[in-house]
There are 2 protein chains.
Amino acid sequence: MAQNKKGEFSKKENELADFANAISHPARVAILKQIADRETCICGEIVEVLPLAQSTVSQHLKELLKAELINGEVDGTKSCYCINWKTFEKFEKTFNEFFKKANSHNPKCC
Amino acid sequence: MAQNKKGEFSKKENELADFANAISHPARVAILKQIADRETCICGEIVEVLPLAQSTVSQHLKELLKAELINGEVDGTKSCYCINWKTFEKFEKTFNEFFKKANSHNPKCC
DNA sequence: ATACTATATCGCAAATATACGATTATATAA
DNA sequence: TTATATAATCGTATATTTGCGATATAGTAT
């Protein structure tokens, strides 16, 4: 963008946006799904399942880490990831208090 | 991107990503908040409240419409928007069934 | 008809995101 | 040590997003 105006918005607004941004790509949704579905944490199995190169998957994992949607751990030569449910819960809470407060599903509306 | 791989992911994955994408910018979060908070639908009042030019706000509104997060209605020279709660509910449902199914907040995990 | 108001659209510039191959770093195996 | 395997990072090309001013469009008022 010509200028980045994100700093002009509130902390909560940015937090919600950042969370949403982390899951705003189908590849990252698919990665989260894979991690959530497995009993134990996984790593490069994701690469086998997704239609993306290893480096691309690694980049997406990095973004998910940055947004704290997942936790990562090195295990020998492998890397192991799991869902950070705390962040999901926090998001759900913030999301609800942000949007549902004034919401009586207004019938006056268009 | 070099190539767009979004078509290689499932419908559900893309739906979740699209919804998230619509709220992945603090300006759009702020716009949704404004609309949700008012009794009646509003229009260019948003422009007064946000630190963005009128054309930029209009663009964001267009995106929110496209994602069906809001409904719009023309009222004279003014445009009137309101939250499309149906989409929010649908998202919540999809989100939960997608991520919470296998989730026992796995203690084996890192 | 003319002026005014509100909003959408267009065209452009700059910033970010996506994707990949090549390379690097680290751990394990031989 | 050397080879192998796994995953992160770098460099780069391209696509998309963000933002604004200018313009277009359409309703309302004079």
Side-chain angles (χ1 to χ4, degrees), chain A residues 1-9 13-14 17-31 34-35 40-67 70-82 110, chain B residues 1-9 13-14 17-31 34-35 40-67 70-82 110:
Chain A
M1 25 199 148
Q3 302 154 72
N4 192 329
K5 296 266 182 158
K6 288 178 183 173
E8 313 222 14
F9 295 93
E13 283 158 358
N14 273 289
D18 286 346
F19 182 93
N21 191 55
I23 57 174
S24 72
H25 192 288
R28 288 193 290 273
V29 173
I31 289 171
Q34 287 297 317
I35 298 176
T40 53
C41 308
I42 50 144
C43 51
E45 297 160 307
I46 299 165
V47 176
E48 289 196 340
V49 170
L50 295 212
L52 296 172
Q54 176 267 320
S55 56
T56 307
V57 171
S58 198
Q59 252 179 343
H60 282 305
L61 284 167
K62 197 180 173 186
E63 271 197 80
L64 291 171
L65 275 172
K66 198 183 67 185
I70 59 174
N71 294 124
E73 210 174 48
V74 175
D75 175 24
T77 59
K78 310 199 175 181
S79 277
C80 175
Y81 295 98
C82 64
C110 44
Chain B
M1 21 193 152
Q3 301 154 75
N4 192 328
K5 295 267 181 157
K6 287 178 184 173
E8 313 221 15
F9 295 93
E13 283 158 357
N14 273 290
D18 286 345
F19 182 94
N21 191 55
I23 57 174
S24 72
H25 193 287
R28 288 193 289 275
V29 173
I31 289 172
Q34 287 296 317
I35 298 175
T40 54
C41 306
I42 50 141
C43 47
E45 299 158 308
I46 299 165
V47 175
E48 289 194 340
V49 171
L50 294 212
L52 295 171
Q54 176 267 320
S55 57
T56 306
V57 171
S58 196
Q59 251 180 343
H60 282 305
L61 285 165
K62 196 179 174 187
E63 271 196 82
L64 291 170
L65 276 172
K66 199 183 69 187
I70 59 175
N71 295 125
E73 210 173 49
V74 175
D75 174 24
T77 59
K78 310 199 175 180
S79 276
C80 175
Y81 296 98
C82 64
C110 42

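Convention: sequence-line order gives letters A, B, ...; per-chain numbering from 1. These figures come from a predicted structure and were not determined experimentally.
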Please report, rounded to the nearest Å, how far the [atom2] atom of [N] is from the [atom1] atom of [X].
X: B/Asn14; N: C/dT18; atom1: CG; atom2: P; result: 13 Å
X: B/His25; N: C/dT16; atom1: NE2; atom2: P; result: 10 Å
X: A/Leu61; N: D/dT9; atom1: CG; atom2: P; result: 11 Å
X: A/Asn21; N: D/dT16; atom1: CG; atom2: P; result: 16 Å
X: A/Lys6; N: C/dA15; atom1: NZ; atom2: P; result: 13 Å
X: B/Lys62; N: D/dT18; atom1: NZ; atom2: C1'; result: 14 Å
X: B/Lys78; N: C/dT7; atom1: NZ; atom2: P; result: 7 Å
X: B/Ile70; N: C/dA8; atom1: CD1; atom2: C1'; result: 13 Å

Nearest-nucleotide 5' precedence on DNA chain C, A/Val74 against A/His60
A/His60

My understanding is that only residues two or more places apart in sequence, or in another chain, count here; which of them pass side-chain hydrogen bond (donor to acceptor under 3.5 Å, both in side chains) with A/Glu63?
A/Arg28

Which atom names give the shortest non-hydrogen contact between A/Tyr81 and A/Ile35, and what distance separates them?
O-CG2, 3.6 Å

Minimum heavy-atom separation for B/Ile23 to B/Val29, with atom names?
O-CG2, 3.4 Å

Select base, sugar-phosphate, or nothing to describe what B/Gln59 touches, counting heavy atoms under 4.0 Å on all strands.
base

OP1 or OP2 of C/dA6 versus the side-chain N and O atoms of B/Tyr81: is any pair under 4.0 Å?
no

Check the phosphate of C/dT16 against A/Asn4, side-chain N and O only, distance under 4.0 Å to OP1 or OP2. Yes or no?
yes

Considering only nitrogen or oxygen atoms on both sides, find all protein atoms under 3.5 Å from nucleotides 28-30 of chain C and state each distance.
none

When you measure from the side chain of B/Ser24 to the backbone of B/Asn21, do you find a donor-acceptor pair of N or O atoms at a distance under 3.5 Å?
yes

Heavy-atom side-chain contact between B/Gln54 and B/Ser58 under 4.5 Å:
yes

Under the salt bridge (charged side-chain N to carboxylate O under 4.0 Å, His left out) rule, what pairs show up with a residue in residues 46-61 of chain B, not counting sequence neighbours?
none

Under 4.0 Å from any atom of DNA chain C, heavy atoms only: list the residues of residues 43-56 of chain B that qualify, in numerical order.
B/Cys43, B/Gly44, B/Gln54, B/Ser55

Those residues that, when tested against A/Ala27, pass side chain to side chain contact (heavy atoms under 4.5 Å, CB included) (two or more places apart):
A/His25, A/Leu52, A/His60, B/Phe9

Could I get the full list of side chain to side chain contact (heavy atoms under 4.5 Å, CB included) partners for A/Val49, not counting sequence neighbours?
A/Gln34, A/Arg38

Please figure out whether A/Ser58 or A/Phe9 has its closest DNA chain D nucleotide nearer the 5' end.
A/Ser58

Point-to-point distance, once rounded to the nearest 0.5 Å, from CG of A/Leu50 to CD1 of A/Ile31
5.0 Å

